[in-house]
Number of protein chains: 2
Amino acid sequence: MKFSKKSEYGLRALIELTAVYGKDPIRRQQIADRQHIPLVFLEQILLALKHAGLLASTRGASGGYALIKPPSKVTLGQVIRILDGPLAPIGCVSKTAYRKCDDCPYVKKAYCPLQEVMGGVRNAIADILDNHSLEDFIAGARSPRKRSRK
Amino acid sequence: MKFSKKSEYGLRALIELTAVYGKDPIRRQQIADRQHIPLVFLEQILLALKHAGLLASTRGASGGYALIKPPSKVTLGQVIRILDGPLAPIGCVSKTAYRKCDDCPYVKKAYCPLQEVMGGVRNAIADILDNHSLEDFIAGARSPRKRSRK
DNA sequence: ACTATGTTGACACAGTCTATAAACATTAGG
DNA sequence: CCTAATGTTTATAGACTGTGTCAACATAGT
């Protein structure tokens with residue numbers, strides 16, 4: 001039950017990119033150095049985020065990557081779903097990528113005990129991750145916005 | 001962010017074993033059939049649970065596996081930690097297996113933005129998983145015990 | 001007691017996915 | 001047109017998932 005390194009690195013890279021939001025693009029090398037991320041692995045991650053529309057990249061001499069969506073509009077849940085896929089602990093409780101579990105003997109029945117619990121876990125995770133945005137990463141902000149539960 | 005198949009299968013096997021708690025041991029074949037779990041993989045799982053002290057096994061003609069701890073005393077969190085390791089999303093926020101993250105540039109500093117959020121996720125997951133026991137799996141029990149938050 | 005049979009136990013192996021590395025192609029600026 | 005950057009492709013080590021094989025052992029029948 002862990003996040004992949006990919007997600008972790010991706011989020012840490014976005015911390016750097018959020019810090020310079022609106023300014024000139026920064027080089028991937030710089031991100032790798034400051035966050036101690038393996039350079040070439042970092043690139044795959046940045047590309048994925050680019051293809052998802054979060055980043056823009058410019059090549060050539062003074063190129064680099066830049067965040068193009070406002071930090072407040074990018075939730076951690078989005079980022080993790082891009083890099084890691086759906087965040088449900090088991091397939092049959094995912095809202096964004098539901099997959100009926102062929103092998104589960106409870107498929108036909110109305111109620112699956114595992115599904116009950118795991119659905120709760122999924123919601124708890126999503127509730128946190130979808131209510132935190134990159135904005136919560138800026139500076140020493142000691143107060144990630146804690147939404148009251150609806 | 002998924003549980004391993006190992007944990008999923010393990011929990012489903014325990015559903016079967018909980019259902020016959022106190023009675024004669026059941027064969028692994030029977031568990032595999034009813035929950036559609038690959039037979040030989042299931043064995044590794046049952047062994048791990050046995051070594052952890054949850055199950056007892058008897059060999060020979062009328063052998064099989066049996067749950068030896070009362071269902072109410074076995075939390076889902078315990079099971080998953082046995083089969084999947086600690087349930088923290090990233091190493092540096094685990095309570096049962098803390099590992100300082102060498103590569104994180106915030107190690108030295110007082111505050112890590114990622115750690116803040118991920119710690120919250122960890123607690124949310126643990127809060128659910130450690131407050132559900134195998135007892136919640138019995139029969140069609142439509143009411144897993146929902147502890148009020150402390 | 002001996003043997004046949006059914007069951008768990010242990011080990012080594014193969015496929016797939018993740019994390020990482022290296023090499024080369026492509027683009028843009030001075 | 002040369003250099004510094006991104007972009008693409010391919011390769012490798014390790015963990016996770018699942019299989020195959022054979023040994024250890026308990027029970028039942030003779």
Side-chain angles (χ1 to χ4, degrees), chain A residues 1-13 17 24-33 35-52 54-68 80 82-86 89-91 101-103, chain B residues 1-13 17 24-33 35-52 54-68 80 82-87 89-91 99 101-103:
Chain A
M1 190 57 182
K2 274 184 14 180
F3 286 111
S4 65
K5 281 286 176 189
K6 207 168 177 179
S7 283
E8 185 188 333
Y9 290 158
L11 288 173
R12 295 229 301 262
L17 287 162
D24 285 339
I26 55 179
R27 276 166 296 145
R28 65 182 182 191
Q29 180 73 58
Q30 186 177 340
I31 299 174
D33 285 350
Q35 294 282 340
H36 302 112
I37 302 173
L39 180 63
V40 198
F41 191 30
L42 172 62
E43 194 195 286
Q44 295 178 18
I45 295 167
L46 292 175
L47 278 185
L49 293 175
K50 179 192 171 184
H51 292 146
L54 298 191
L55 305 183
S57 67
T58 46
R59 301 210 227 192
S62 62
Y65 290 89
L67 181 61
I68 53 174
I80 291 172
I82 291 168
L83 296 174
D84 249 21
I90 58 179
C101 27
D102 311 307
D103 51 351
Chain B
M1 191 59 183
K2 275 185 11 180
F3 287 111
S4 65
K5 280 288 176 188
K6 207 168 176 178
S7 283
E8 186 188 331
Y9 290 157
L11 288 173
R12 294 230 302 262
L17 286 162
D24 285 338
I26 56 179
R27 276 165 295 145
R28 65 182 183 191
Q29 179 73 59
Q30 185 176 340
I31 299 174
D33 285 350
Q35 293 283 339
H36 301 113
I37 302 173
L39 179 63
V40 198
F41 191 32
L42 171 62
E43 192 195 287
Q44 294 179 20
I45 297 167
L46 293 175
L47 278 184
L49 294 174
K50 179 194 172 181
H51 291 147
L54 298 191
L55 305 182
S57 67
T58 47
R59 300 209 226 194
S62 61
Y65 290 89
L67 180 62
I68 54 175
I80 291 172
I82 291 169
L83 297 174
D84 249 21
L87 37 76
I90 57 180
R99 257 179 46 84
C101 27
D102 312 307
D103 52 350

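Any value given below was found using the heavy atoms of this structure, including those in side chains, with hydrogens, waters and symmetry copies removed. Chain A is the first sequence line, chain B the second, and so forth, proteins listed ahead of strands; every chain is numbered from 1.
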A.B. asks: Rounded to the Å, how far apart are Phe41(A) CZ and dA13(D) P?
C.D. replies: 17 Å

A.B. asks: Out of dT26(C), dT19(D), dA21(C), which nucleotide sits closest to the side chain of Gln44(A)?
C.D. replies: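 Looking only at side-chain atoms, Gln44(A) lies closest to dA21(C).
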
A.B. asks: Could you walk me through whether Leu49(B) and Leu67(B) satisfy the side chain to side chain contact (heavy atoms under 4.5 Å, CB included) test, starting with their C-alpha distance in whole Å, then the side-chain angles of each, then the deciding distance to 0.1 Å, before giving a yes or no?
C.D. replies: CA-CA 10 Å; Leu49(B) 294 174; Leu67(B) 180 62; over 6 Å; no

A.B. asks: Separation of Ile37(A) atom CD1 from dA19(C) atom P, in whole Å?
C.D. replies: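 Rounded to whole Å, this separation is 13 Å.
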
A.B. asks: Is any side-chain N or O of Tyr9(A) closer than 4.0 Å to OP1 or OP2 of dT20(C)?
C.D. replies: yes

A.B. asks: Is the phosphate of dG9(C), meaning OP1 or OP2, less than 4.0 Å from a side-chain N or O of Lys50(B)?
C.D. replies: yes

A.B. asks: Nearest whole angstrom, please: distance from the P of dT8(C) to the CD1 of Ile31(B).
C.D. replies: 8 Å

A.B. asks: Which of the following nucleotides, dA19(C), dT27(D), dT17(D), is nearest to the side chain of Lys6(B)?
C.D. replies: dT17(D)

A.B. asks: With DNA chain D as reference, determine whether Ser62(B) or Gly64(A) sits nearer its 5' end, using the nearest nucleotide of each.
C.D. replies: Gly64(A)

A.B. asks: When you get a sec, tell me which of dA19(C), dG7(D), dT19(D) is the closest nucleotide to the side chain of Arg59(A)?
C.D. replies: dG7(D)

A.B. asks: Please confirm whether the backbone N or O of Ser4(A) pairs with a side-chain atom of Asp84(A), one donor and one acceptor, at under 3.5 Å?
C.D. replies: yes

A.B. asks: dT8(C) P sits how many Å from Leu49(B) CG, rounded?
C.D. replies: 14 Å

A.B. asks: Any side-chain N or O of Tyr65(B) under 4.0 Å from OP1/OP2 of dG9(C)?
C.D. replies: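 The answer is yes; a side-chain N or O of Tyr65(B) sits under 4.0 Å from OP1 or OP2.
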
A.B. asks: Which pair of non-hydrogen atoms, one from Ala56(B) and one from Ile68(B), has the smallest distance, and what is that distance?
C.D. replies: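 Closest approach of Ala56(B) to Ile68(B), heavy atoms only: CB-CG2, 3.4 Å.
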
A.B. asks: Without decimals, in angstroms, what is the distance between Ile45(A) CD1 and dT18(C) C1'?
C.D. replies: 11 Å

A.B. asks: On DNA chain C, nearest-nucleotide positions of Val40(B) versus Gly60(B): which is more 5'?
C.D. replies: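 Looking at the nearest nucleotide for each, Gly60(B) comes out on the 5' side.
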
A.B. asks: Any side-chain N or O of Arg27(B) below 4.0 angstrom from OP1/OP2 of dT7(C)?
C.D. replies: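 Result: yes.
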
A.B. asks: Measure across Ala52(A) and Ile82(A) and return the closest heavy-atom pair with its distance rounded to 0.1 Å.
C.D. replies: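 So the two residues come closest at CB-CD1, 3.5 Å.
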
A.B. asks: Whole angstroms only, please: what is the NZ-P distance between Lys5(A) and dA21(C)?
C.D. replies: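 After rounding, the gap between these two atoms is 13 Å.
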
A.B. asks: Given atom CG of Leu47(A) and atom P of dT6(D), what is their separation to the nearest angstrom?
C.D. replies: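 About 10 Å, once rounded to whole Å.
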
A.B. asks: Could you state the CG-C1' distance from Leu42(A) to dT20(C), rounded to the nearest angstrom?
C.D. replies: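 Distance, rounded to whole Å: 12 Å.
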
A.B. asks: Hey, is the side chain of Thr58(B) poking within less than 4.0 Å of OP1 or OP2 on dT8(C), counting only N and O atoms?
C.D. replies: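 No, outside the criterion.
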
A.B. asks: How long is the gap from OH on Tyr65(B) to CG on Leu55(B), to the nearest 0.5 Å?
C.D. replies: 8.0 Å

A.B. asks: Taking only side-chain N and O atoms of Ser57(B), does any of them lie within less than 4.0 angstrom of OP1 or OP2 on dG9(C)?
C.D. replies: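 Answer yes for this pair, as a side-chain N or O of Ser57(B) is under 4.0 Å from OP1 or OP2.
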
A.B. asks: Using a cut-off of 4.0 Å on non-hydrogen atoms, how would the nucleic acid contact of Leu46(A) be classed: base, sugar-phosphate, or nothing?
C.D. replies: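 Nothing: the residue Leu46(A), judged by heavy atoms under 4.0 Å, touches no strand.
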
